Amino acid sequence: MKKNLSALSICLFCLAGFTVRAQQQQAQFSGDLELNNNFFIRDTLIGATGTPQYDRQKSGTESWLTLNYSNWGFDIGMRFDLFNNSNIIDPNDSYSALGIGRWHIRKSIGKLHVAAGYIYDQVGSGILFRAYEARPLAIDNALVGLRLQYDINENWKIRAFSGKQKKVEKQRNLFEIYDPLVIGGAIDGYVSFGDSSKVFLAPGAGILKRTLDDATMNTVVSNIGTDSFQYRFVPRYNTYAFTLYNTLTAGNFTWYVEGAYKTQEAIPDPVRVGYFQDRAGWVGYTSLSYSRPGFGITLQAKRTDNFFMRVSPLMVRNRGQIAFLPPMQRQNTYRLTARYNAATQELGEWAFMGDVLFNPTKKLGFGANYAHITDSDGQLLFREAFLESTWKMNNKQKMIFGVQYQQYNQEVYEVKPDAPMVNQVTPFVEFVQKFDKKRSLRVEAQYMFTQQDLGSWAFLLLEFNIAPHWSFTVADLLNTDPRKLGEEIEKPQPDGTLKKQTPIHYPTVAVFYTYKSYRAGLSFVKQPQGVVCTGGICRLEPAFSGVRFNLTARF
């Protein structure tokens, strides 16, 4: 802790010194702040209980302060992170720590670009390597090390990187790094077939090597040694992975294709939980789209086979991810349409998705989406059909309405043994009324029909905006026929009669204030247990009851 605070003091001192000496230079100083405060109110009816925050701590905080300074061709930045009784790392536990969560120094020397520190980057679509951050899911997969990029010419560039991944572990120091070493590189280009041609290519290739440390290898060897003799194998320190990708643009068509392969290594056995198997892995992904004014269509397909790419075989869930597998589900935004999400399956997945947009007039638009995902054996994991229409009635009124149908394998995605397949239908409507240049009202109404999981839901939201500063929201999520897994809507009473369970309300009341680059929000929230996802990466969130204060600022 003292080491982190000392580093922070040194960085702040350096930035202050640079600012003073740069009065005659073209210096730039910027930053941003994100602050989340949760105040927990125990509610046993919805399951908001049993964690340190509800039982004794009563509050939790997360904060990120980023500072950036540019001068003399240098780009210098750092981020101070603070966690006080936070449940963002583990929703069922508490975490407290503070320190430098990220720092970087960048410099361009002619055609050579140098970056040191915490690096965020990706190769191709990210299948081979992607270092990124997704704060709502407690993901900060920065590569701590060095990256070099050389511009061969205006169309071709080559880069190489080496380092270790930032650590995100339950009840461990988030300001440490994992021990295994990652090294890789990529080459990217651009090819045009003449100045007047409408055909372009953007090819690329990448390579990556991950080397285990001795402590991790010893743990893997110990695990294999306890397994049955027929399943034992010799694990490898080094794992190699390769990818080839290309984007072809021809007029209104765009076609992206990528194939990645990794050599054999120890990965989790999906059948014999707690043990490893020795497997190579590969991924094939393609996306074909066509667009013209008023019409667009996109088709995607992905095949995944044992492509478990982590800093070590010991990492599970969202920890230590090196690779990023593109999601194959529509990114839904409404409360109920976004309740069930298909997390990418690293060990085996067939996935297909199609999306169509059609705008016959400026006032009328239609959208349709279909996604179908199975495991390697053809077992259905996820299916979604989505229809939507947008109608601009006049300059002051707009309506969006549609319907969603889903089949969701709760047993696989939420690791709930013997849970039935969720089948749900959700019609929805959104209406926007502008009263004048400043005031507007937005109304959302949705209803989810399902006989599985927690039962059917109704949602109603009213949002009143007074531009440019104020926004007020009142919403209610109603569990119309609450149930637990395996229970019926009605429960037998002692006298043998049936009595319906009481519907459960999950209200939200919120106010937001925006001034220039500052935004503050205060809300009272009750929300049910559910899965939270960002770009196909998901985690299960428990129920929440309490007050939230959020502040974001950029300067």
Side-chain angles (χ1 to χ4, degrees), residues 32-43 45-46 48 53 58-64 88 135-136 331-339 388 390-402 426-448 457-480 503-530 532 534 541 543-555:
D32 62 77
L33 169 69
E34 181 178 347
L35 173 67
N36 300 324
N37 282 310
N38 293 318
F39 302 92
F40 298 85
I41 301 174
R42 186 184 178 95
D43 189 336
L45 181 63
I46 68 172
Q53 290 86 356
K58 303 304 181 182
S59 66
T61 301
E62 303 97 34
S63 180
W64 300 267
I88 193 170
R135 289 181 189 174
Q331 301 302 299
N332 294 302
T333 57
Y334 291 113
R335 180 68 177 271
L336 292 183
T337 60
R339 176 164 173 77
E388 181 182 72
T390 301
W391 178 25
K392 295 182 180 180
M393 305 163 69
N394 50 53
N395 292 333
K396 293 186 176 182
Q397 294 177 321
K398 183 177 76 171
M399 180 178 290
I400 301 174
F401 53 93
T426 303
F428 59 90
V429 62
E430 176 183 350
F431 177 75
V432 178
Q433 171 70 59
K434 294 182 180 180
F435 300 104
D436 50 41
K437 292 184 178 180
K438 291 186 175 182
R439 298 178 302 157
S440 65
L441 175 67
R442 187 171 69 90
V443 181
E444 285 184 23
Q446 305 148 44
Y447 193 92
M448 176 184 287
W457 299 85
F459 180 73
L460 179 65
L461 176 143
L462 302 176
E463 180 184 279
F464 184 68
N465 298 292
I466 305 176
H469 300 304
W470 293 97
S471 179
F472 304 88
T473 299
V474 178
D476 187 25
L477 178 64
L478 176 63
N479 195 182
T480 58
I504 301 176
H505 290 266
Y506 296 83
T508 296
V509 179
V511 57
F512 298 93
Y513 178 75
T514 303
Y515 178 74
K516 294 184 178 179
S517 60
Y518 303 86
R519 179 177 172 86
L522 182 65
S523 56
F524 171 77
V525 178
K526 286 184 182 289
Q527 68 182 34
Q529 173 183 294
V532 177
T534 298
E541 291 278 7
F544 176 81
S545 171
V547 176
R548 287 175 170 166
F549 173 75
N550 308 101
L551 173 66
T552 59
R554 291 175 174 81
F555 52 89

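Atoms considered below: every heavy atom in the structure, side chains included; atoms not considered: hydrogens, waters and symmetry mates. Note that the coordinates shown come from a computational prediction; the quantities given were computed from them, not determined experimentally.
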Considering all heavy atoms of both residues, which atom of [X] and which atom of [Y] are nearest to each other, and what is their separation?
{"X": "Ser523", "Y": "Ala510", "value": "CB-CB, 3.4 Å"}
{"X": "Lys526", "Y": "His505", "value": "CD-O, 4.3 Å"}
{"X": "Ser63", "Y": "Leu33", "value": "OG-CD1, 3.7 Å"}

Between [Y] and [X], is there a side-chain heavy-atom distance shorter than 4.5 Å?
{"X": "Pro507", "Y": "Phe524", "answer": "yes"}
{"X": "Val474", "Y": "Leu460", "answer": "no"}
{"X": "Leu477", "Y": "Arg335", "answer": "yes"}

Gap separating the [atom1] atom of [X] from the [atom2] atom of [Y], nearest 0.5 angstrom:
{"X": "Leu336", "Y": "Trp457", "atom1": "CG", "atom2": "CH2", "result": "8.5 Å"}
{"X": "Thr514", "Y": "His469", "atom1": "OG1", "atom2": "NE2", "result": "9.0 Å"}
{"X": "Arg339", "Y": "Gln446", "atom1": "CZ", "atom2": "CD", "result": "12.5 Å"}
{"X": "Arg439", "Y": "Asn465", "atom1": "CZ", "atom2": "CG", "result": "12.0 Å"}
{"X": "Thr337", "Y": "Glu388", "atom1": "OG1", "atom2": "CD", "result": "9.0 Å"}
{"X": "Asn36", "Y": "Thr61", "atom1": "CG", "atom2": "OG1", "result": "9.0 Å"}

| said: Evaluate Thr552 against Asp32 for side chain to side chain contact (heavy atoms under 4.5 Å, CB included), listing each step before the verdict. | reply: CA-CA 7 Å; Thr552 59; Asp32 62 77; over 6 Å; no
| So Phe544 and Phe40, would you call those rings parallel, tilted or perpendicular, with 30° and 60° as cut-offs? | perpendicular
| For the side chain of Ser545 and the backbone of Ile41, is there at least one donor-acceptor N/O pair under 3.5 Å apart? | yes
| message | Using a 3.5 Å distance criterion without hydrogens, assess whether the side chain of Asp43 forms a donor-acceptor pair with backbone atoms of Leu45. | response | yes
| If you draw a 6.0 Å radius around CG in Asn395, do more than 12 non-hydrogen atoms from other residues or ligands fall strictly inside? | no
| query | Is the closest basic N to carboxylate O distance between Glu62 and Arg135 below 4.0 Å? | reply | no
| request: Report the C-alpha separation of Ile466 and Phe472 in whole Å, then their side-chain angles, then the decisive distance to 0.1 Å, and conclude whether the side chain to side chain contact (heavy atoms under 4.5 Å, CB included) test is met. | output: CA-CA 9 Å; Ile466 305 176; Phe472 304 88; 4.2 Å; yes
| So Ser59 and Asn37, side chain to side chain contact (heavy atoms under 4.5 Å, CB included) or not? Walk me through it. | CA-CA 7 Å; Ser59 66; Asn37 282 310; over 6 Å; no
| request: Check step by step if ring pair (Phe, Tyr, Trp, His ring centres under 6.0 Å) holds for Tyr513 and Trp470. | output: CA-CA 5 Å; Tyr513 178 75; Trp470 293 97; 4.7 Å; yes
| query | Under 3.5 Å, is there a donor-acceptor pair linking the side chains of Ser440 and Lys434? | reply | no
| request: Answer yes or no on whether Arg519 is positioned over the face of Phe512, meaning its NZ or CZ is under 6.0 Å from the six-membered ring centre and within 45° of the axis. | output: yes
| Pair Phe428-Glu444, side chain to side chain contact (heavy atoms under 4.5 Å, CB included): steps then yes or no | CA-CA 7 Å; Phe428 59 90; Glu444 285 184 23; over 6 Å; no
